[in-house]
Amino acid sequence: MASLITCPHCGARPKEEFSVRGAAMPARPSPMAKDEAWHAYVYIRDNPKGRYQEYWHHAAGCRRWLVVDRDNLTHDVFGVTDAADFVQARGIE
Amino acid sequence: MRYSAYSIFKQALSGNRLWTPAWREPEPKPHYDVIIVGGGGHGLSTAYYLAKEFGITNVAVVEKGYIGSGNVGRNTTIIRSNYLLEGNNPFYEFSLKLWEGIEKDFNYNAMVSQRGIINLFHSDGQRDEYARRGNGMRMHGVYAELLDREQVRRMMPYLNFDHARFPIMGGLYQKRGGTVRHDAVAWGYARGADQRGVDIIQHCEVTGIRRENGVVTGVETTKGFIGCNKLALAAAGNTTTVGRMADLELPIETHVLQAFVSEGLKPVIDHVITYGAGHFYISQSDKGGLVFGAEIDFYSSYAQRGNLQTVEHTMEEGVSLIPGLSRAKVLRSWGGVMDMSMDGSPIIDRTPVDNLYLNCGWCYGGFKATPASGFCFAHLIARNETHHVSRFMRLDRFERGYTIDEAGKGPQPNLH
Amino acid sequence: MTSYRLASGGAANRGRSLTFTFDGRTYKGFEGDTLASALLANDQMLMARSFKYHRPRGVVTAGSAEPNALMTIGAGARSEPNARATVVELYDRLVAVSQNRWPSLKHDFGALNNVLSPFLGAGFYYKTFMWPALFWEKLYEPLIRRAAGLGKAVMQADPDRYEKSWTHCDLLVIGAGPAGLTAALAAGRAGARVILADEGFRLGGSMLSESAMVGGMPACDFATTTVEELATLPNVTLMPRTTVFGWYDDMVFGAVERVQKHVATPSPDLPMERLWRIVAKRAILAAGAEERPLVFGGNDRPGVMTAGAIRTYLNRYGVAVGGKVAVFTNGGSGYRTAADLVARGVDVTAIIDARPGSADPVPQGIRVIRGGSVTDTRGWHRIDGLIAERSGFEEVIACDALAMSGGWSPVVHLMCQRGAKPVWSDEKQAFMAPDLGGAFVAAGSAAGFDGLSDCLKDGAAKAHTVLESLGRRALPLALPRVEGEYDASFAPLWYVPGAKNKAFVDFQNDVHVGDLGLAQREGFRHIEHTKRYTTAGMATDQGKLGNINTVGIVAGMRGVSPAEIGTTTFRPFYTPVSFGALAGSARAEHAAPVRTSPLAGWARKNGAAFVEAGPWHRSAWFPREGEKTWRESVDREVLNVRANAGLCDVSTLGKIEIFGAGAAEFLDRIYCNGFLKLPVGKARYGLMLREDGIVFDDGTTSRLSENHYVMTTTTAYAAEVLSHMEFAAQTFWPELDVRFVSVTDQWAQMSLAGPKARIILGRVVQDDISDAAFPFLAAKEVTLRGGLRARLFRISFSGELAYELAVPAGFGEAVADAIMDAGHEDGICAYGVEALNVLRVEKGHVTHSELEGRTTADDVGLGRMMAMQKPDFIGKRLSTRFGLTAADRLQLVGLKPVEADKEIRAGAHLLKDQAKPSLANDQGFVSSACFSPTLGHFIALAMLKSGRERFGEKIIVWDGLRGTEVPAEVCPPVFVDPENTKLHL
């Protein structure tokens, strides 16, 4: 992780081609959701030590947003998926 | 034992064999008035001020490693109070004032060195931002100067004035900013707290927080259960892990910031310098090493190490700013694991759990805050009321819309 | 003469003599020497002073762990401080100067510290220098700072260049000693892509220094033969002079190649150093083992060296380090050194072996003191004797050099850089490499093997294992016969107690056993505390030489196993790396790429002054003859735009094309104001919020056809806005059919503003652009005279009748020229971003000076734009939080100085009239300020508490930094044409 990212569209590419946004697990609530849900979405982070899903943007490549499934303690990467696929799999609250 | 030139002289005559431990290594008592989780700078200073300023001495600091093993021992040692926002400036100025008297206060030479800090600017827009910041400081009675290019050149002739991609136009200078010997801060507070009766319990990891009827009653640790009336968390870098034991939901993401030291050099850089066209900052320690850093690695990490791209980027900025560094050599890099909060500012507050107090979210600015953080946290714990300089650092400010967003970057922690 | 060059032998090229200087004296050495071997050959044992006590020091090793022999190499801007003489390859006319001494290396005032050392024990500085407080910064600290540090950095720009490169391989072999060479050979013959990197300038590692026979030839020749075969394999890359300094995620290794550090006159066609990022599928660490010094009184005297180092100087460089050499050992290495010395005719006075007995062969006639130890040494600038002790009896033995061997520590540094800890082995009495699961393995003595034949064998074996894991078969390697290897095993001896003199564990930082004891007594018991308190392991060698001794000694003091103490953390860099190599070519003017507008040529022709705006160089103003200050030019440009017309380059604005059936809906959710009903052919100003309700960016978006929009963003946020929209499209609303492409660089865009804009534009554009046909906020494709298709937008930042014309970038300059020609008779001028800024401040338009990441739409008077009736847009939900809607928020206002000739500057703060400056009285700040030539006085935009309720109030513009206080009147932020009549001309 973090030296090389294997983009599902472009292959293994160096980190400097990417930018990192942050946690991928929080799903944007529906416009009707309660204030608490919106607050939690924008501000609260689960921030686990270990396995972590994170948004990376292949900004200097295919320009797709990706979700890097990784361990933030060992920096091992378990997989990289296109963010659209990740979102579909995660479901919308 | 009181430290002084005389004590050094006297001990030397007896072969330095009679020095006593700087702190005890006690076994935990069954119960304390206050338990502080985290034997870093903030935890130790909290214990120290609890004992010294608020008379609460039945206190334990529990630390999973050795004291000072976190960020107080792996930072770039800078102190300053050149903050823009009302939520920050008075707090950091309070901290700087405490730094100024700290050595006498805890009888330990932490080498507080007010050699001056300059924030360089490279455009009109940046000058205006710094002018705004400097005027804000002045309003609060904190002296700052806006230097032009030639004034900067006279102070730091080795900067890249003639071939810079982003020319130096001037800088915001705070003479009272500077550096402190970081380890000595942890040790000085630990020794001072210990002398006042605080138990510092190293190698004691908290594994659970016990609550009865929603009220904290103590902690489960690797050395068994320890009871307390009040529990205070000062475990930056691991705030989420500890907070989860009490079901706290926190606006924190953990990131790694690398820092660097060069080989020892004769004094060449007399100030703390920050590069306005990047994130690079540098000073030179009393031992001669150049101490510097730049940006975080941007991804979430609990590993105390970073990657090569960030290393290279830091050096690129360093050599761009100070071309004469090119042939000097970098000795060591390390990584500090930090609480990055959602607005880049810290939290010193009560929590939704009774008797549980929280000190976290220091991002990469925690070192300079160490005295004020401990003082304000001790104030909060002892009196159950917020110290006025930390009154904006509330946990509920995100919900209420009162974020303290010094960088103006919004709720994305790695941008602060 | 005590150390000298032997009449023959060694691998240095005696046919090529090189001249060099040390501290101004001229010496001669040979090609193939290191600076250290050449100095020793010239009997220059005194090479440096230690850090704290300024003790005289010689060289203690022959490799990269050298803590003592640090010097400054080269002259002027090419001088490099703290170079280790043991790894500096000698070149002709090399200039070396000793460090950290005054007035000379031989007579150093700093050595006074040595006398004061009882008062300067570990951490003494934490206990004193506190009184009086003022004295720290004025007296103590300057003194300490001056005394500290090693070499001097000249702080001049580096005349040489540096570069970076990636490379990839199946197997990276780190270290080209016996194990590394056989590993590379086995893998190379099997066809794997192999990189063999070694920090030395000659591949072969310890084989270059040992006297054993390998494959029927001297070990050194065997190494050369193997390297020659490797060089013929196209799939093997040999990288001498290359230090692998760091192991990073994903098997990326950082390495630095010293391309020209060894040449007298560097070629401008080559870099000085090259940084490599090596991506390896597998790696073998064959970095060897470090010989431990023994810790006894006076073990730092010049002439006391590791036994292996003495062999290296003898066998590789043909240099005897002394005429009478004593040996103090706890293992076979000391005996081998003695044997090699005797074989070359050098006197060995005695072998003191800490063990009661051993099977090591003793050279004929050499006295062995078994079960003895060296308790102290004598001499100052060089050792002249030692005190040996056995069974309570002491004797003085004269010597001019002392070989010491305390056993071996595998060099496992790189394998421990990513969190894994080395593992103590009782059997080996050493910390061993951690098991990292097969991708990165240690081989040879780095893996704990002692003998040369075992190392050769292990290298090949590890290569085979690694290749198998890559699915490759390798034929077994026929291993050469080794004759005359020695038994490198040893018995532990952490230190020799009872010395009167200090017994050092960290030579450079002058940390001795007494300091370690003090640290334990004072409670700094964790090894990291011990390290930080005593500074053991914090010198330029990062404890390579001393750390394991420190651990062993502390373990002994505490009566526990070294396993219980553990090591301190291994971190990059393995050896120090220059800033230059890590920075590469991204420095000075090349620190970041310059973005140049397609209209830069036009601007230059018109005499523009340029200014940095982030990565861009933008035309700032266009001085004309006779104008002495930038203000004169800007004032003229502003007045001319308001009176006639001006042309400004706005190509730097971000431009994003948006396509798709879902584009309208998407824009409606991205912007806080409505976009669903924007008709084709129209532009609209849009405001984007962050999800927290704060303004993110602003710009205009125009609908060119049903499903095709073009958006402009601010210059600063162009990239962020595109990423933000891509994120939203992909993760929030994947159901929307919408696509984006950045076209910032594809279009040249210019703003033609002023009452005569239409007349001038009409001469360039074929289409009807009358107010009726092309009203305010019209946006469409037009055809220029000559047939070029262009995009025309009737939008205005200046408040004047204005158009933005976009043409394909390559045509930009020609079109701008044509407009200037067309406007000549109507008095058109070129205007820059400074005038543009004045025009917008006069008109009260906000930029990122106001939208600074903390302002809401309402703060800047755009609250009415928030279409709260929309079901969803980014930032909607959190924009209504209490703090974001509080009545005392800062709001955008205008300011006019009460006295017309007073200047207001951005960055000033605001006070109520008569109020004292204090944080409590702080009312806000000036965000933008300028001289308005239209009004004839300064004006400003400011953010003021509850500002919109305070129009007409007198307020103080307080600029303490620059020493001014200017009374001003709060007014609406629009200074010119508040009714917008000019927009609709």
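The chains referred to below are lettered A, B, ... by the order of the sequence lines, with proteins before strands, and numbering in each begins at 1.
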Exercise. Are B/Leu18 and C/Arg521 side-chain neighbours, meaning at least one heavy-atom pair lies under 4.5 Å?
Worked result: no

Exercise. So, B/Glu263 and C/Arg84, do they make that salt bridge, N to O below 4.0 Å?
Worked result: no

For this session: Look at C/Lys164 together with B/Glu316 and state whether they make a salt bridge at an N to O cut-off of under 4.0 Å.
Result: yes

Exercise. Are the side chain of B/Arg138 and the backbone N or O of C/Gly960 linked by a donor-acceptor pair below 3.5 Å?
Worked result: yes

Exercise. Mind checking whether C/Tyr126 and B/Tyr108 have parallel, tilted or perpendicular rings, split at 30° and 60°?
Worked result: parallel

Exercise. When you check the side-chain N and O atoms of C/Lys127 and B/Asn107, is any donor under 3.5 Å from an acceptor?
Worked result: no

Exercise. Does C/Asn100 offer a backbone N or O that forms a donor-acceptor pair with the side chain of B/Lys266 under 3.5 Å?
Worked result: no

Exercise. Looking at the rings of C/Phe119 and B/Phe9, which for Trp means the six-membered one, are their centres under 6.0 Å apart?
Worked result: yes

For this session: Find the one option among C/Ser879, C/Ser849, C/Pro917, C/Ala586 whose heavy-atom pairs under 4.5 Å with chain B are most numerous.
Result: C/Ala586

Problem set entry | Short side-chain to backbone donor-acceptor contact, C/His909 and B/Gly136, under 3.5 Å | yes

Problem set entry | Under 4.5 Å from a heavy atom of chain B, the part of C/Phe51 involved | side chain

For this session: Indicate the ring-plane relationship of C/His526 and B/His203, choosing parallel, tilted or perpendicular according to the 30° and 60° boundaries.
Result: parallel

Exercise. Taking it one step at a time, do C/Phe579 and B/Val330 satisfy side chain to side chain contact (heavy atoms under 4.5 Å, CB included)?
Worked result: CA-CA 6 Å; C/Phe579 279 78; B/Val330 192; 3.8 Å; yes

For this session: Could you tell me whether a side-chain N or O of C/Arg854 sits under 3.5 Å from a main-chain N or O of B/Glu406, the two making a donor and an acceptor?
Result: yes

Problem set entry | Distance-only side-chain donor-acceptor flag, B/Arg332 / C/Gln542, under 3.5 Å | yes

Problem set entry | Sub-4.5 Å side-chain heavy-atom contact between B/Arg17 and C/Leu518 | no

For this session: Determine yes or no for a side-chain-to-main-chain donor-acceptor pair under 3.5 angstrom, with B/His122 supplying the side chain and C/Glu612 the backbone.
Result: no

For this session: Mark yes or no for whether C/Glu137, through its side chain, and B/Gln114, through its backbone, hold a donor-acceptor pair below 3.5 Å.
Result: yes

Exercise. Got a donor-acceptor contact below 3.5 angstrom from the B/Asn109 side chain to the C/Tyr125 backbone?
Worked result: yes

Exercise. Has the side chain of B/Arg327 got a donor or acceptor atom that lies under 3.5 Å from a matching backbone atom of C/Glu80?
Worked result: no

Exercise. Side chains of C/Arg571 and B/Ser333: is there a donor and an acceptor less than 3.5 Å apart?
Worked result: no

Problem set entry | B/Lys287 vs C/Ile144 side-chain heavy atoms within contact, under 4.5 Å | no

For this session: Please confirm whether the backbone N or O of C/Gly907 pairs with a side-chain atom of B/Asn135, one donor and one acceptor, at under 3.5 Å?
Result: yes

